[in-house]
Amino acid sequence: MNRYVQYMYSYPHKTAYRPLHNVNLSDYMENLAGEGHSLYLHLPFCESRCGYCNLFSVAGCGGAQRDAYLDVLPRQMEQYREILPCDTVFGDFTIGGGTPLLLDVRQLERVFRDVRAYMPLGKDCRIVIETAPKQTDREKVRLLKESGVTRVSMGIQSFDEGELSWLGRFHDGRRAQEAAEILMEAEFACVNFDFIYGLSGQTAESLSGSLERAMVFSPDEIFLYPLYIKHGVRLERDGKAAALDSDHAFRLYQRGAAFLKEHGYAQISMRRFVKRRGSEGADGLRTEFRECGFTGALSLGCGGRSYLGRLHACTPYRTTRQGALEEIEAYLGREDFLTVTHGILLSDEEIRRRYVIRHLLIRPGIAKKAYRQSFGNEVMEDFPILRNWVEAGWLEEKRYQSNGERPGHQEDSAFLSLTEEGLGLSDYIGPQLISAEIRRKMLEWERMNGQENNLLQGEPEKL
């Protein structure tokens, strides 16, 4: 069994998006009324492109090109500000990439200044940014701290020199260690390190060795990512895709997960491990759960996604350097940011599927009562495949108490939660929830773009 079919980080995937006509953001901005929404800024620039990367990013752009990109942001934000509900408050602001810290200090200062000037960030807004070891220095980190950043995520991937070279990373273990020291000295509320497993030649000992070096810094979170080699990336061109082995990757996952649990980290999803704190229960879960159901998200820049109720919108999904450059060039010349030309309008069925996927793959799982209140039916009736997973031992009903007190009604605290075995199969389980229509569109996109070797396996489960 291939356990690594697809990473279901957001549903539906961008390859299911299509051109849209007569759609305007102003008709959907009511989905951003009130608090609890997210703001995302995409900075698609990298110093170099990693061997496994198929994201919307470009390498080789200089400071003038980055300045030109930042010049457009105020125009985009001003148009958005005019149609935002008067009570909108963004509780989260994430700067992703690319490699955001490729920007110099002046450019970073400009980003924070402009966003605060145009967008209604909450007083206690959680501000998140991504970085890489080569771009992490004390001057930039000091600026992040002064700008109110609360979480920094750094892609280390490995401390092993041979593995870094195999992946096509452009830092070494020593630079990663120096960058980690700089981040931890700044005392952010949360620091996360990313690591990758599943490389040809990687051993349980080498993975544990990288994690052991990370333990010296005691990061708040660690993400373990399985290696995917998609069509067109450098590792595929180098002939390394054929060397990947699902069973080997799963053994490494089991070793890495066990190591982190032994060192005081709770597993929240297949990828995410969080340092346990005093207010958490035996599973390491917070006593209060944030439901990730219907809050909205607005994206700035080129390449990110906006989630506004039924409307999901973004620029066309381009994975080649030339394609990304064309989209960036179109962004630089754009005058109207309110007309939506590309995206998807979700049906009721797809909204249910998105809700289930988003909750199922992250502990504590699907709150049965919350699902019933949202959709007027029982989740097990809408998704019979869940019963199959219960029988397989991948899914179970669990009850969580809030603040250590006994719940008034057992049903109020009932969750459908992946077991330890099920959690490790998230990239196999999640894709089975893709609808037939979305799967058809994804396959159509992959055929049109010459990426047949990325095609999903198996048949979708029907409602």
Check R440 with E437, please: is the shortest side-chain N to carboxylate O separation under 4.0 Å? yes
Against the six-membered ring of F415, is K368 placed for a cation-pi contact (under 6.0 Å from the centre, within 45° of the normal)? no
task = Classify the ring geometry between Y331 and Y69 as parallel (under 30°), tilted (30 to 60°) or perpendicular (over 60°).
result = tilted
Any sub-3.5 Å donor-acceptor pair from H37's side-chain atoms to G296's backbone N or O? yes
(message) Looking at E178 and R138, is any side-chain nitrogen of the basic one under 4.0 Å from a carboxylate oxygen of the acidic one?
(response) no
Could you tell me whether the side chain of I95 reaches within less than 4.5 Å of the side chain of L43, counting heavy atoms only?
yes
Tightest non-hydrogen contact, residues I156 and L164, listed as O-CD2, 3.6 Å
Any salt bridge linking E139 with R142? Criterion: basic side-chain nitrogen under 4.0 Å from a carboxylate oxygen.
no
| Using 30° and 60° as the class limits, which term best fits the ring planes of Y197 and Y4: parallel, tilted or perpendicular? | perpendicular
*Check step by step if side-chain hydrogen bond (donor to acceptor under 3.5 Å, both in side chains) holds for Q107 and D67.*
CA-CA 7 Å; Q107 292 169 329; D67 275 331; 3.2 Å; yes
Practice item. Report the C-alpha distance between R353 and E349 in whole Å, list the side-chain angles of each, state the deciding distance to 0.1 Å, and finish with yes or no for salt bridge (charged side-chain N to carboxylate O under 4.0 Å, His left out). Key: CA-CA 6 Å; R353 287 185 180 275; E349 174 190 339; 2.9 Å; yes
**Message:** Keeping N31 on the side-chain end and Y28 on the backbone end, is there a donor-acceptor pair under 3.5 Å?
**Reply:** yes
Exercise. Are the side chain of S417 and the backbone of P364 linked by a donor-acceptor contact shorter than 3.5 Å?
Worked result: yes
Sorted by chain and residue number, the salt bridge (Lys or Arg N to Asp or Glu O under 4.0 Å) partners of D194 (sequence neighbours excluded) come out as none
Exercise. For residues S306 and S299, is any side-chain donor paired with an opposing acceptor at under 3.5 Å?
Worked result: no
Dump the intermediate steps for ring-ring contact (aromatic ring centres under 6.0 Å, His included) on H13 and Y317, then the final yes or no.
-> CA-CA 10 Å; H13 193 272; Y317 185 52; 5.4 Å; yes
**Request:** For S269 and R363, test the side chains for any donor-to-acceptor distance below 3.5 angstrom and give the result as yes or no.
**Result:** no
For this session: Please state whether the rings of Y355 and F375 are parallel, tilted or perpendicular, taking 30° and 60° as the class boundaries.
Result: perpendicular
message = Strictly distance-based, threshold 3.5 Å: is any side-chain N or O of K145 a donor or acceptor partner for the main-chain N or O of A186?
response = yes
| Does the side chain of L311 reach to within under 4.5 Å of the side chain of L20, using non-hydrogen atoms? | yes
How about L144 and I129: do any of their side-chain heavy atoms sit closer than 4.5 Å?
yes
* To do: Answer yes if the side chains of S26 and N24 hold a donor-acceptor pair under 3.5 Å, and no otherwise.
  => yes
Measuring centre to centre across the rings, with the benzene-like ring taken for any Trp, is Y118 within less than 6.0 Å of Y80? no
Here the gap from E130 atom CD to M154 atom CE, rounded to the nearest 0.5 Å, amounts to 13.0 Å
d(S426 OG, L360 CG) to nearest 0.5 Å is 7.5 Å
Notebook entry, point to check: Under 6.0 Å from the six-membered ring centre of F250 and within 45° of its axis: does the NZ or CZ of R3 meet both?
Noted result: yes
If you count the non-hydrogen atoms of other residues, nucleotides and ligands that lie under 6.0 Å from CG in N22, is the total more than 12?
no
Residues at least two apart in sequence or cross-chain that pass salt bridge (Lys or Arg N to Asp or Glu O under 4.0 Å) with R334, listed by chain then number, are none
- Going by distance alone, is a donor N or O of one side chain under 3.5 Å from an acceptor N or O of the other, for K275 and S218? yes
TODO: List the steps, then state whether ring-ring contact (aromatic ring centres under 6.0 Å, His included) holds for H312 with Y307.
DONE: CA-CA 5 Å; H312 290 191; Y307 305 119; 4.7 Å; yes
- Query: Do any N or O atoms from the side chain of K14 and from the backbone of C314 form a donor-acceptor pair under 3.5 angstrom?
  - Reply: no
**Item:** Within-4.5 Å side-chain heavy-atom neighbours: T339 and L25
**Value:** no
- Query: Side chains of M119 and T88: closer than 4.5 Å at any heavy-atom pair?
  - Reply: no
Q. Between R310 and D27, is there a side-chain N and carboxylate O pair less than 4.0 Å apart?
A. no
- Query: Looking at K230 and E236, does any basic side-chain N land under 4.0 Å from a carboxylate oxygen?
  - Reply: no
query = With the threshold set at 4.0 Å, does a side-chain nitrogen-carboxylate oxygen contact exist between E221 and R272?
reply = yes
- Message: Do L41 and F93 have side chains that approach each other closer than 4.5 Å (heavy atoms only, starting at C-beta)?
- Response: yes
Here the gap from I328 atom CD1 to C61 atom SG, rounded to the nearest 0.5 Å, amounts to 5.5 Å
One should read off an interatomic distance between L300 CG and L39 CG, to the nearest 0.5 angstrom, of 4.5 Å
Q) Is the backbone N or O of S57 less than 3.5 Å from a side-chain atom of R318, with the two atoms forming a donor-acceptor pair by type? A) no
Ignoring hydrogens and geometry beyond distance, is a side-chain donor-acceptor pair present between R213 and Q177 at under 3.5 Å?
yes
Discussion item. Tell me whether E163 is salt-bridged to R169, with the criterion being a basic N under 4.0 Å from an acidic carboxylate O.
Written reply: no
Query raised in the report: Would R75 and E335 pass as an ion pair if we require N to O under 4.0 Å?
Result: yes
Lys/Arg N to Asp/Glu carboxylate O, R354 vs E350, below 4.0 Å: no
Practice prompt. Indicate the ring-plane relationship of H42 and Y40, choosing parallel, tilted or perpendicular according to the 30° and 60° boundaries.
Written response: parallel
Has the side chain of Q76 got a donor or acceptor atom that lies under 3.5 Å from a matching backbone atom of G301?
-> yes
Practice prompt. Look at the side chain of S158 and the backbone N and O of D160, then say whether any donor-acceptor pair between them is shorter than 3.5 Å.
Written response: yes
Q. If we only count heavy atoms from C-beta on, is the M8 to I434 side-chain gap below 4.5 Å?
A. yes
| message | What verdict does the side chain to side chain contact (heavy atoms under 4.5 Å, CB included) test give for V149 and V152, after you've listed the backbone C-alpha separation in whole Å, the side-chain angles of each residue and the deciding distance to 0.1 Å? | response | CA-CA 7 Å; V149 169; V152 181; 3.8 Å; yes
CD1 (I229) and CG (L235) are apart, to the nearest 0.5 Å, by 4.5 Å
In terms of heavy-atom contacts, I222 and A214 come closest through CD1-CB, 4.2 Å
*asked:* Do D427 and Y228 pair up side chain to side chain, a donor and an acceptor below 3.5 Å, judged on atom types alone?
replied: yes
Value for CH2 (W389) from CD (Q432), rounded to nearest 0.5 Å, stands at 5.0 Å
- request: Go through the steps to decide whether M442 and Q6 satisfy the test side chain to side chain contact (heavy atoms under 4.5 Å, CB included), and finish with yes or no.
  value: CA-CA 12 Å; M442 293 171 67; Q6 183 183 347; 3.6 Å; yes
Correct closest heavy-atom pair for M29 and P85 would be O-CG, 3.2 Å
On a heavy-atom basis, the closest approach of L433 and Y11 is O-OH, 4.4 Å
(Q) Is the shortest side-chain heavy-atom distance between Q157 and L167 below 4.5 Å? (A) yes
| request: Inspect the surroundings of CD in E329 and state if more than 12 heavy atoms from other residues, nucleotides or ligands are less than 6.0 Å away. | output: no
Measure from the side-chain N and O atoms of S147 to the backbone N and O of F112, and report whether any donor-acceptor pair falls under 3.5 Å.
-> no
